[in-house]
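Reading through the structure tokens given below for one structure.
Order of the sequence lines fixes the chain letters, A, B, ..., with proteins taken first and strands second; residue numbering starts at 1 for each chain. As the structure is a computational prediction, the values presented were derived from the model and not from experiment.
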There are 2 protein chains.
Amino acid sequence: MDLDAVRTFVAAADAGQFQEAAVELAVTQQAVSKRIAALERNLGVRLFTRTARGAELTIDGQAFLPHARELLRVAERAVASVRTGHRPLRVDIIASRGAASGLMRGFHRAHPEIELDVVMLFDIETAVAAIRSGAIDASFRAVAAPGRPLPEDIESVRVLDEPLQLLTGPAHALAGARAVTVAQLAGHRIWMPGIVPGTEWAAYYDDLVAEFGLTIEATGPNFGSDALLDTVADTPALATFMGEHTRLVWPAAHGLRRIPVTDPTPVYPHSLLWHRDNPHPALATLRAHLAATATGHDAAGTWTPGWVRPR
Amino acid sequence: MDLDAVRTFVAAADAGQFQEAAVELAVTQQAVSKRIAALERNLGVRLFTRTARGAELTIDGQAFLPHARELLRVAERAVASVRTGHRPLRVDIIASRGAASGLMRGFHRAHPEIELDVVMLFDIETAVAAIRSGAIDASFRAVAAPGRPLPEDIESVRVLDEPLQLLTGPAHALAGARAVTVAQLAGHRIWMPGIVPGTEWAAYYDDLVAEFGLTIEATGPNFGSDALLDTVADTPALATFMGEHTRLVWPAAHGLRRIPVTDPTPVYPHSLLWHRDNPHPALATLRAHLAATATGHDAAGTWTPGWVRPR
DNA sequence: CTATGTTCACAACTGTTGGTTGTGGCTGGA
DNA sequence: TCCAGCCACAACCAACAGTTGTGAACATAG
């Protein structure tokens, strides 16, 4: 199906005749006639009844019309999403099911009129470069890992400290615990495939391992969280870490246990990053929203790497 | 923008390379390359970064992808709306803001998974023909006007008796009344442009006029309900009838009064009509929904034309 | 470092398509 | 009955989208 034909259909339906639609679209009446005929041939139904006084919609045409309008609306939005200048607010998150995703959903619920696009970049370095180039407007990341301080033109504010939980299968030694201490985790195998050295999240887990003498295995190919959950569910000796706000796909994770970690509770520090000079109005709205909805987390009993600025 | 190009873009994004997308789409790799290049030229941004191992999305490409998927979904639904066979339930209503429209909204809220298309046909004769031809699945109309009994293969059930209200401007003689009797309306000018003789709604108002000696003027061109409301609001000597459930566009109707009519209350009888043999599963769901949500109206003190079967 | 395989892009060619102009048929109103 | 207005069909032409053939860039294995 051709969007030009759909546009022509809508114009003709609005005008009530092909001639006027042709003028509006700056083509000849014959071109409109051909476009409509082609659309009708593709759909297999008649859309107009032609009369000597114009063309009026058939019942099929009437049913098709709102769908055609919707199609043009969506096409318009799709084009707008990559239009330089006034485009939707573009935000980078670390994972589609993570805490930042939840924050953006909350923002969308509070401001459904604001157009949003969510992307997932590789690490904070990529994100900062994208922010500085204007390719994205904001990013949810942990700052600032050693050796890569934030440039001066990038601003940031901590928006969420997300406690880590232990995720185990039903047969795991700790599966029955209401909570586990970090000390208890020493000696257990914690599996987190997909950790890429050099990223800010790898730095976080490196520090966690170094400070408490944990064993985190990043070995093996990362087949995605579904495969990870399946393996953890079936393997008594394996567990993994997962943010408290991470939404799991439960049907595939049958029997999994989420166990809080204490003494101290490792928390992942999500900050919002943006460019000092970014004038996007929705960016200010997002910042205000996050500031207003931020839950006053108690830092007592929690742990973050030394390079994370205390709140 | 070309939907084929969008389809190609999504296929390439999913595959991660042009070659595989080309196989999937049954074209050559070069064709995919050209389509993507054309799409990028139209949008004015790069969507992929080409590598020796395939093609991966740029940030713009990532932002565009969900919009592209949505576009294909909507296109799919648009085509489905006119597909013979298993298409959305297609229902005729008498006016987009009338009571039947409200009933369909309620049905959609209760069953959001059911695809619906709403059309507005001219009168019950057209609607019955459309039902018998299979062009629509159901219709909300008043039955059965004199001289046109329902054919045997059309079934119907009364679903709503909608009280008529008087609509006046703030300066109208009856504007201050909490309620008016039908007898009080005699002598007042009631203006209802757009009534077409021969339709079932014209028959309804004809009977109303004949029975109570009212004055209904159907003169003048019908410029739509907005213009009607504007005129009524500004003209002290004019009033009009409107169904109790009709949703008005209030900004344009400043100062309008809706006044209940009593002794008796004229009610417009909405019935659902459908073909005896229509196998559409959603039709049964609609009938069940309407039966379950029907408000038990009290017929006492109301009036309908003699040709309307009592409930 | 080279050989090889894989990927995408460019060039040349071709059939199809979508546009235009010209024309004719149909229909409603003067 | 004629005219005006509208749409469809035919012929023509330019632009486009597809194909084949080929080359450049890069990753990987030897």
Side-chain angles (χ1 to χ4, degrees), chain A residues 1-58 60-62 64-65 68 72 75 122 196 221, chain B residues 1-58 60-62 64-65 68 72 75 122 196-198 221:
Chain A
M1 212 184 9
D2 179 14
L3 280 188
D4 270 339
V6 175
R7 226 179 303 277
T8 307
F9 166 75
V10 171
D14 287 342
Q17 58 178 48
F18 291 4
Q19 200 101 267
E20 195 179 322
V23 173
E24 195 175 321
L25 298 170
V27 294
T28 61
Q29 165 265 320
Q30 289 87 335
V32 170
S33 180
K34 274 174 101 170
R35 283 186 191 175
I36 301 282
L39 185 61
E40 288 178 327
R41 188 157 27 81
N42 284 335
L43 294 174
V45 297
R46 212 117 234 272
L47 296 172
F48 289 98
T49 53
R50 280 78 163 167
T51 75
R53 246 194 345 279
E56 58 189 39
L57 289 171
T58 62
D60 282 316
Q62 275 194 57
F64 186 68
L65 181 57
L72 298 182
F122 179 62
V196 180
Chain B
M1 210 182 13
D2 179 15
L3 280 188
D4 270 339
V6 174
R7 225 179 304 276
T8 306
F9 166 75
V10 171
D14 286 343
Q17 58 177 41
F18 290 5
Q19 201 99 267
E20 196 179 321
V23 173
E24 196 174 321
L25 299 170
V27 295
T28 61
Q29 166 269 128
Q30 288 87 335
V32 170
S33 179
K34 275 175 103 170
R35 284 186 190 175
I36 301 282
L39 185 60
E40 288 177 327
R41 189 157 27 81
N42 283 337
L43 294 174
V45 297
R46 211 118 236 273
L47 296 173
F48 290 98
T49 54
R50 281 75 163 168
T51 75
R53 246 196 344 279
E56 59 189 38
L57 289 171
T58 62
D60 282 314
Q62 275 193 56
F64 186 68
L65 182 57
L72 298 183
F122 179 62
V196 180

Within the side chain of B:E40, is there an N or O that forms a donor-acceptor pair under 3.5 Å with the backbone of B:F48?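 Present.
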
For atom [atom1] of [X] and atom [atom2] of [N], their distance in whole Å:
X     : N      : atom1 : atom2 : value
B:Q29 : D:dA24 : CD    : P     : 16 Å
A:R53 : C:dA30 : CZ    : C1'   : 15 Å
A:E40 : D:dC9  : CD    : C1'   : 15 Å
A:N42 : C:dT17 : CG    : P     : 10 Å
A:D4  : C:dT17 : CG    : C1'   : 13 Å
B:K34 : C:dT7  : NZ    : P     : 21 Å
A:R41 : D:dA8  : CZ    : P     : 13 Å
B:E20 : C:dG5  : CD    : C1'   : 17 Å

Nearest heavy-atom neighbours spanning [X] and [Y]:
X     : Y     : answer
B:A5  : B:L39 : O-CD2, 4.0 Å
A:A15 : A:A21 : CB-N, 4.0 Å
B:A68 : B:V10 : CB-CG2, 3.7 Å

With the side chain counted from C-beta on, respond yes when B:D2 and A:L3 share a heavy-atom pair under 4.5 Å apart, and no when they do not.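 No - every pair of side-chain heavy atoms lies 4.5 Å or more apart.
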
So which nucleotide from D:dG5, C:dT21, C:dC8 ends up closest to the side chain of A:Q30?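 That would be C:dT21.
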
Looking only at side-chain N and O atoms, does [X] come under 4.0 Å of OP1 or OP2 in [N]?
X     : N      : result
B:T28 : D:dG18 : no
B:R35 : D:dG18 : yes
A:S33 : D:dC7  : no

Assign each of A:Q17 and B:A38 to its nearest nucleotide of DNA chain D by heavy atoms, then name whichever residue's nucleotide is nearer the 5' end.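 Its nucleotide being nearer the 5' end, the pick is A:Q17.
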
Mapping A:T51 and B:F18 onto DNA chain C by nearest heavy atom, which one lands closer to the 5' end?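 In this pair, the answer is B:F18.
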
Just checking B:V32: base, sugar-phosphate only, or nothing, at a heavy-atom cut-off of under 4.0 Å? nothing

